[in-house]
Amino acid sequence: MTDFRTFVLKLIASFGLPWLLLIIVPAISYQGTKPLAYDKDKGDELDSSYYYPLTPVVNHQGEAIYAAEGCVQCHSQMIRPPSMALDGWRKGWGQDQSSHPAEPARATQLRDYFGDKHSFLGVQRNGPDLANVGYRFETRTQVHLHLYEPRALNEWSVMPSYRRLYDVRKIQGEGSASALPLAGTKYEPAAGYEVVPTQEAEQLVNYLLSLKKDYPIPGSSKAVAAAPAAKK
Ligand code: HEC
């Protein structure tokens with residue numbers, strides 16, 4: 001019987017303690033995390049009426065579609081801090097899109113996920129990290145083209161196409177203003193037809209374009225984010 005009791009106690013110690021220390025304690029302490037105020041006196045560009053993160057633009061509908069389509073299987077939204085000189089792979093993941101950015105993208109922080117219903121840290125990184133993808137497209141149409149047929153933009157792309165988020169329909173009158181410019185490509189629909197984004201595709205694109213997880217961090221004087229979106 002004593003053997004059995006020691007066995008149970010050891011079992012609790014080997015599974016219960018790590019669970020408590022690695023999951024429960026951090027979860028409780030993270031729940032108390034509050035936005036941080038900026039401070040001009042400490043070198044921030046914003047004064048203390050602004051908070052990090054600046055009120056994030058959260059698009060829950062787009063977020064739900066991102067979840068439902070399984071984008072998280074191939075895309076992370078988490079930039080790790082630099083370690084062991086493995087820094088180069090973060091180039092191009094931030095706001096500076098030049099081929100040799102002066103600074104690598106900043107690592108994402110806990111507060112960057114404030115407001116998200118679900119934080120899509122990612123399962124595998126088959127595709128590029130999307131934490132700051134909102135900076136990488138010049139037009140909505142480019143994002144739509146990418147989702148409708150990734151190979152229309154990059155012939156070598158291995159990303160699956162999400163054609164079910166688009167309607168192929170007969171052109172009426174002058175046609176829709178949001179029809180994708182596929183004329184002349186091998187993905188052009190049959191004559192007299194056009195490809196138009198569904199409401200879901202529009203929401204997903206809104207969500208992707210809103211992804212800019214690089215608000216300036218209070219106390220680190222370098223401001224990397226664009227102008228503040230809203231006052232708290
Ligand atoms: C099977 C893996 C896979 C899945 C699932 C996937 N992607 Fe991708 N994605 C990729 C790869 C690989 C690339 C890089 C090649 C390219 O640009 O087409 C990419 C590129 C992208 C880019 C361009 C990023 C950039 O920096 O230019 C966006 C945006 C994107 N994916 C969004 C999505 C969204 C939204 C979903 C879900 C609807 C999704 N992906 C699902 C593999 C995937």
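First listed ligand is number 1; within each ligand, the first listed atom is number 1.
- Here Glu200 pairs with nothing under the salt bridge (charged side-chain N to carboxylate O under 4.0 Å, His left out) rule; sequence neighbours left out.
- Hydrophobic cluster membership is shared by Val195 and Phe137, with clusters built from Ile, Leu, Val, Met, Phe, Trp and Tyr side chains linked at under 4.5 angstrom.
- The nearest heavy-atom contact from the protein to atom 15 (C) of ligand 1 is Trp156 CZ3, 3.4 Å.
- Atom numbering of ligand 1 starts at 1 in the shown order; those under 4.0 Å from a heavy atom of Glu69 are 38 (C).
- For atom 8 (Fe) of ligand 1, the neighbouring protein N/O/S atoms at less than 2.8 Å, given as residue and atom, are His75 NE2, Met159 SD.
- For Gln73, no nitrogen or oxygen atom sits less than 3.5 Å from a nitrogen or oxygen atom of ligand 1, counting backbone and side chain alike.
- The distance from ligand 1 to the heavy atoms of Asn154 drops below 4.0 Å at these ligand atoms: 16 (C), 17 (O), 18 (O).
- Nearest protein neighbour of atom 41 (C) of ligand 1, counting heavy atoms only, is Tyr162 OH, 3.3 Å.
- For His118, the NE2 atom counts as loosely surrounded, since its 6.0 Å shell holds 12 or fewer non-hydrogen atoms of other residues, nucleotides or ligands.
- Side-chain heavy atoms closer than 4.5 Å link hydrophobic residues (I, L, V, M, F, W, Y) into clusters, and following such links, possibly through other members, connects Ile24 to Leu22.
- The shortest N or O to N or O distance between Ser157 and ligand 1 is below 3.5 Å.
- For ligand 1, the polar-atom distance check finds an N/O of Arg136 within less than 3.5 Å of one of the ligand's N/O atoms.
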**OP:** For the pair Tyr135 and Gln95, evaluate side chain to side chain donor-acceptor pair (under 3.5 Å) and give the outcome as yes or no after the intermediate values.
**Re:** CA-CA 6 Å; Tyr135 291 116; Gln95 189 173 152; 3.3 Å; yes
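- When Lys213, Lys212, Arg106 are each tested for a salt bridge (charged side-chain N to carboxylate O under 4.0 Å, His left out) with Asp112, only one passes: Arg106.
- Residue contacts with ligand 1: Trp93 is excluded, as none of its non-hydrogen atoms falls under 4.0 Å.
- Set against the non-hydrogen atoms of Leu147, the atoms of ligand 1 under 4.0 Å away are 34 (C), 35 (C).
- Heavy atoms of Leu208 found under 4.0 angstrom from ligand 1 belong exclusively to the side chain.
- Scored by the side-chain contact (heavy atoms from CB on, under 4.5 Å) test, Arg169 finds Ser176, Glu194, Val196 as partners (sequence neighbours excluded).
- For ligand 1, the atoms closer than 4.0 angstrom to any heavy atom of Val158 are 12 (C).
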Original post:
Is there a side chain to side chain donor-acceptor pair (under 3.5 Å) between Asp44 and Tyr50 once you walk through the steps?
Top reply: CA-CA 10 Å; Asp44 294 332; Tyr50 290 94; over 6 Å; no
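- Across all their heavy atoms, Pro197 and Tyr166 have their closest contact at CA-CD2, 3.4 Å.
- Residue Ile65 places no heavy atom under 4.0 Å from ligand 1.
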Scan the side chains in residues 67-76 for donor-acceptor partners under 3.5 Å anywhere in the protein, sequence neighbours excluded, and list what turns up.
{"from": "Glu69", "atom 1": "OE1", "to": "Arg164", "atom 2": "NE", "distance (Å)": "3.2"}
{"from": "Glu69", "atom 1": "OE1", "to": "Arg164", "atom 2": "NH2", "distance (Å)": "2.4"}
{"from": "His75", "atom 1": "ND1", "to": "Pro128", "atom 2": "O", "distance (Å)": "2.8"}
{"from": "Ser76", "atom 1": "OG", "to": "Arg125", "atom 2": "NH1", "distance (Å)": "2.5"}
{"from": "Ser76", "atom 1": "OG", "to": "Asp129", "atom 2": "OD2", "distance (Å)": "2.7"}

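- Side chain of Tyr38 to backbone of Pro216: a donor-acceptor contact under 3.5 angstrom is found.
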